Amino acid sequence: MSKTPESADREWVREAFLRFEGPLTLYAAKLLGNVDRARDATQDAFVKLCGEDREEIQGRLAEWLFTVVRRRAFDILRKEGRLTELSDARAESIAADDPEPAEALEREEIALRAVKCLDALPAGQREAIRLKIQHGFSYKEISRITGRSVSSVGVLIHVGLKTIRGRLLSADLRADDRKPIPEA
Amino acid sequence: MIFDPDDPRLTAFALGELDDAGESARIKSLLAENAEARVYVEDVRRAARLLAESLRLETAPGNATERLEALDRALSGLKSRRKETILRRLRPSFSYAVAAAIAALAIGLSIQRRTERLRERADEAEALARADLGSKDSPPASAPAPIVNAPSPSRDGKSFESKQKKRLSEDDLASLGDGDPPEERFFARGIDGLKQAPADSPSAAKTKANRRRAGDLASNFVAPKDVELELQDRVSKESDKKTARNEPSPPSLQTLMQNRSRASDRETAVSLDPLRRSIRKRSLPSRDEVRIDRLLDFYRATDSIPPGNEPIAATVEVASCPWNPARELARVSLSAGRTIAKDGSGKPIALRARVRIVCDPARVVSRRLLGRDDESRPVDRTSAIETFEIASLAPGTSKVWFLELEPSVGLRDSSLAKNAASAAAKDSIEVGSEKRVGQPGSAGEAASRRAKKESHFGDVSPSARSSSLGPPPSNPAAASRKSATTASNRIRDESLEQKLEASSLKAANSDQGKSSPAPGDALLKVTIFYETPGNVREEETTRLGFDRGIKYSSATADFRFGAAVAEFGLLLRDAPEKGSASFDEVLRLAEPVAGDDPHRREFLDLVRQAQKISGR
C-alpha cells in the first residue's frame, strides 16, 4: 500500500525530528546559553520545516535545519541585546581569569580539559569546531550554515584546534613538572 | 614545502578536509620529511579525538519522548500541506496588502479632511479680514498674502494677526513653527497658500517640512484609529465566520511544544553541572537539581558495547536492592555499536530504538523506574509496561535504566533466603555469576517454585495471575472483570511471547550463564525494536531478567556503579523510598569498581564532599 503525500511528509518531518532534534537543541543551547530558548529555536525550525517543500531541502536537510536554528538563535540574541561576539582578547582574558588554571586543569581528565579549552575559545571558533567535530559537518557545509567562506571556516577551526593543542600541551608539561624527579 | 604551524591546510589535512589532491600530496611529502609537522598533525588529530569523545557525552536537554508525542499530535492536526501550501503562502501577503491599503486610504482621507478644514479656515480668515478692512482696503482676491503681511487694526482694535494666531493655535498649528514668519504660517494653512508661496522663497523648504509634519500629526491621531477599527472589524468578521462554520483552530505545533517544554522545565533544567557547582560551593543541590536518570546517563557503562559490527546490545541484570533488602533491582542496558549506521554521505547516524519493559505481574507486585517515577507517584502502580523511544543513541554509547521491583510475597521470601545464603557464601560467588544459591526444600524455594508455575512468561492461569496482584477481591463480579482484563492483556501479549520465547531463552542463556533457566523464572522481559540501515522494517530482540538470588555486592561492576549512582541520587533528593541508603554504602559500592575512569573518580569525590556537607 503506497503512502499518501501527506503521510509521507508527516513521516519525513517525524524522522527529521527524531534524528536532529537532539543535536539541534544542543547546538542552539551552546549558542544561546539557555536550554529553554534553545528548545524554542529548535521548535521554530521544525515548525518552519512543516511548511517547506520536501523536494527542495531533502538533500540538505541537516544543513538547512542547522542554518534555520542558527538564524533563529541569533535573532533571539539580537532581541535580547546579547549579541556580543567573544573576541580573541576577551577569550584570553576569560581564560586568564581562571583563579587556578593549572590546578583546575590537572584535576580534570584530559578529555574534559579539551572541552574546557574549547569553551574558552572565541565564539566563532567554538561554533565551527563543534559543527565539525560534534555534528560531523564538512568545511563546505559549515560555510553554508554559518555564512562564512570555506577558507574562513578552515582558519577558524585551525586556530581553535591549535589553541586547544597548545593549552593541552602546556597542561601536560605542568603536570610533568610536578612529578617527582627520580633519583639517579 | 616548509612547515608552518599557522598553515590551516595542515589542520584541514589532519581532519580529512583537504580535497585538492595536489595540496594533499604536498602535505604528505612535508610530513614524510619533517618530524615536527608529523607531531603537529598527530596532535591536532589527538585533540580532535579527545573533543569528539567528550562532546559525544553531551546529550540534548529535555525529554525527547514527550516532545515527540507533542510533535505527533501536532502533525496529526496539520491539514493537507501540499494542497494548502500556495494558499498559505499567499494568505499572509494578502493580509499585509489589505492592511497596507487600508492604512494608506485612512491616511489619505485624514490628510484630505485636514487640508479641507485648513482651507475652510483660511477662507474664513480671509473673509473676516476683508470684512475688517472694508472693500476699499481689500486687495484683489488673487493676492491674499499682503493681507497677512500687513497687519491692520480691526474694528474692535485687535489686529488680524492676533486673531489669526488664535485660530492657528486652536488647530495646533502654532506648534508648526513659532518662530516662522507669518507668511510661512499662512503657507502652512493649505494648498491655496502653497500655490501663492514664491518658489524661490528661502523658507519654502521649511514650509514643506511643516506640511509633512502636519500630515504626520494627522496620521498619528486619526489614521491608526481608523485602521485599528477596520482591522478589528475584519477580525471579528473572520471570527464570526469561523464560529459559524464551527471550525476549531488547530493548535499550532509551536504552541503544543512550547506548552510541553514549559511543563517539563523542572525536568530539563538538570544536569551534572548544577550538582558539581553546588557541592563545590559547599552546599547540597536542591531536589530539582538532581535527576537520577540524568546521572545514570552521564556515567557510561563499560561492559555493554556490542562487539564487532553488531548494531545493538542489550543486557538485563537483576540483583538485590542495596537500599531495600525486600526489593530487587533490575538494570536494563541498551548499547549501540560503534559503527551502527551511516547515512548517504558516510556519516554515522544515531540509532533509533524502542524499548519495552514488561514486568511479570505474577512475580512483581510493583515496580518503580528510578529517575522517572519520583516519589510524587504512588509506588504500587499496576501498569507493568514501560516503553521508551530512543531518538538518538549515538554510536558507541549506551542507555541504562534501573527498576526497583517489589517481588510477590513468596518470591520475596525466596529471594531473601537466597540473599542470606548468598551473603553467607559471598566469597564463592563470582561477579556476574548465575550460580543459584537456594535453600533446597525451604519454604522460600517452594514459594519460588509455585510462583514459577504461575508465571506470566511461563504457563499461567488467569486466576493465578489475578491472585498475584494482591488479595482476592471480595466482589465476585469485580474478580471476574479483573480476570477477564488480565486474560485479554495476556492474549494480546501471547503471540509475541510465543514468537520470542525461544530466542529470548537462547539469548538469556548466552548472556547470563550456563544453566538453562525456564522463561517462567523471569521477573521482567525487555524487548528492543530497532532500525538497521537499509531496512524499513524494525528488528527486534528480547532479553529476560531472572531473579537468581544474587546480592548486589556480587553483581557486575556496571550494576554496582549504577546502583551507587542511583542511591546517591536518592540521598540527594532525600527521597522517601531511599530506605537504608547512606553515603557510606554508596562509596562501598562505587569505590571497588571506579577504576581509572576519571568520571567515576570524580563521582567518588562528589559523594565524599556531599557526605561531609550533609554530616551523615
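Worth saying up front: this structure is predicted, and the values here are computed from it rather than measured.
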Value rounded to 0.5 Å, distance of [atom1] in [X] from [atom2] in [Y]:
{"X": "B:Arg45", "Y": "A:Arg165", "atom1": "CZ", "atom2": "CZ", "result": "13.0 Å"}
{"X": "A:Tyr139", "Y": "B:Leu18", "atom1": "OH", "atom2": "CG", "result": "9.0 Å"}
{"X": "A:Ser138", "Y": "B:Leu15", "atom1": "OG", "atom2": "CG", "result": "11.5 Å"}
{"X": "A:His158", "Y": "B:Asp6", "atom1": "NE2", "atom2": "CG", "result": "5.5 Å"}

Has A:Arg71 got more than 12 heavy atoms of other residues, nucleotides or ligands less than 6.0 Å from its CZ?
no

Can you find a pair of side-chain heavy atoms, one from A:Lys132 and one from B:Glu17, that are under 4.5 Å apart?
yes

Shortest non-hydrogen pair, A:Gly154 vs B:Pro8, comes out as O-CB, 4.1 Å

What are the two closest non-hydrogen atoms of B:Ala47 and A:Ile164, and how far apart are they?
CB-CG2, 4.3 Å

Which portion of A:Lys48 sits near chain B, non-hydrogen atoms under 4.5 angstrom:
neither

Check each atom of A:Ile129 against the heavy atoms of chain B and say whether the ones under 4.5 Å are side chain, backbone, both or neither.
side chain

Could you check B:Val44, B:Asp43, B:Leu10 and say which one makes a side-chain contact (heavy atoms from CB on, under 4.5 Å) with A:Leu161?
B:Val44

